[in-house]
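Chain A is the first sequence line, chain B the second, and so forth, proteins listed ahead of strands; every chain is numbered from 1.
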Protein chains: 2
Amino acid sequence: MRKLIVFNHISIDGYFTGENGDFKWAHTGNDDPEYAAFVAGNASGEGQLLFGRVTYDLMAGYWPTAMAEQHDPVVAKGMNNMQKVVFSRTMEKALWNNTKLIKTDIVSAIRKMKNESGPAMVIMGSGSIISQLASQQIIDEYQIIVNPVALGNGRTMFDGMNKMLSLKLMSSRIFHNGKVFLCFEPGK
Amino acid sequence: MRKLIVFNHISIDGYFTGENGDFKWAHTGNDDPEYAAFVAGNASGEGQLLFGRVTYDLMAGYWPTAMAEQHDPVVAKGMNNMQKVVFSRTMEKALWNNTKLIKTDIVSAIRKMKNESGPAMVIMGSGSIISQLASQQIIDEYQIIVNPVALGNGRTMFDGMNKMLSLKLMSSRIFHNGKVFLCFEPGK
């Protein structure tokens, strides 16, 4: 069975995205070499990326550009090459390289994908998808980078979740730039 | 100058209190001996506790009771004995042992208190106070325990803050019960 992983940056007030979709705050501290190596390692992995429409559009508007190639060459190459899936009922066609568009029900589509062969699936951003899937206990792992910033407002990954989700801390890593990587599995 | 410290538990979605003021989730894992020693150490400190009215009422309704004495004798003794301040324009009298009631403007009262002699001041809970003071750059340290749980809804300490607050991670500690203590100072 394929593993379903959430990977997101959050602020200390729990937001994976600030007001108006701002996530520049998550890109500070990239000059910490140990942290940069960690990020590059993630981006060169074998996973398949899963997105909601909003996050997909943001990512598709950045990673294929010359600016991304200049600022983050390693991560850009990884993001552009990796297998991607976007869930949207309204999108006509997904134009970013190596993307599959799925228009059917997310929960049943992902249950089916978990039973197929393939690499681990990684959800980034995509709060509305995460809160749906978290309630259904389909997510196997939450990889969260806690950033040293408070935003004051934004959206959490668990908005609208109808019950408390207990997690178990599996591993952690503290970076010199003040970011804290926490890896959780659901349950006690 | 006296130090002004925030000490709060948060969920991984950033809430220091769940819906309807629920914070039972913050009391899990107290059977971890290392964590229990950490909590008891905090409660036996020399600080002066500062509360908003809502958090004060919650605390004053628990710590002096026989139940608190039975479940958390060390912390209860500390909480009941420590100097406390409650900020409220509407409260008539503060009945919990060793509490001073302040009815004037919070920001100017705390600026004045910081210049008086005395122990460090510690704000617990009290989200509306914290977001006001954080904006004014009066808080010297944020001591945050990140709990392995997602609540789905609640209140953050920074609700209504009108600009981003950059923090610097000063120290951290990972407990076996999955709680993560993070200590921040404002600024980069």
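- Note on B/I10, B/I12, B/L151, B/N153: by heavy-atom pairs under 4.5 Å with chain A, the leading option is B/I12.
- The part of B/D22 that comes within reach of chain A is its side chain, from C-beta onward, which places non-hydrogen atoms under 4.5 angstrom from that chain.
- Annotation for B/K77: atom NZ does not count as buried by contact number, only 12 or fewer foreign heavy atoms lying within 6.0 Å.
- Within a 6.0 Å sphere centred on NZ of B/K100, other residues, nucleotides and ligands contribute 12 heavy atoms or fewer.
- Heavy-atom contacts from other residues, nucleotides or ligands closer than 6.0 Å to CD of A/E92 number 12 or fewer.
- More than 12 non-hydrogen atoms from other residues, nucleotides or ligands lie less than 6.0 angstrom from CD of B/E34.
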Determine all donor-acceptor pairs shorter than 3.5 Å in which one atom belongs to a side chain in residues 14-21 of chain B; sequence neighbours excluded.
none

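- One finds the OG atom of B/S166 at 11.5 Å from the CH2 atom of A/W25 (value rounded to the nearest 0.5 Å).
- Proximity to chain A is limited to the side chain of B/I144, based on heavy atoms less than 4.5 angstrom apart.
- Residues B/D13 and A/M157 are not in side-chain contact: their nearest non-hydrogen atoms beyond the backbone lie 4.5 Å or more apart.
- Contact annotation for A/S131: neither backbone nor side-chain heavy atoms come within less than 4.5 Å of a heavy atom of chain B.
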Go through the steps to decide whether A/V180 and B/L182 satisfy the test side-chain contact (heavy atoms from CB on, under 4.5 Å), and finish with yes or no.
CA-CA 9 Å; A/V180 177; B/L182 301 175; 3.8 Å; yes
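- For a residue to count as touching a neighbouring chain, one of its non-hydrogen atoms must lie under 4.5 Å from one of that chain's; by this rule B/I174 touches chain A with the side chain only.
- For CD of B/E46, the number of neighbouring non-hydrogen atoms (other residues, nucleotides, ligands) closer than 6.0 Å is 12 at most.
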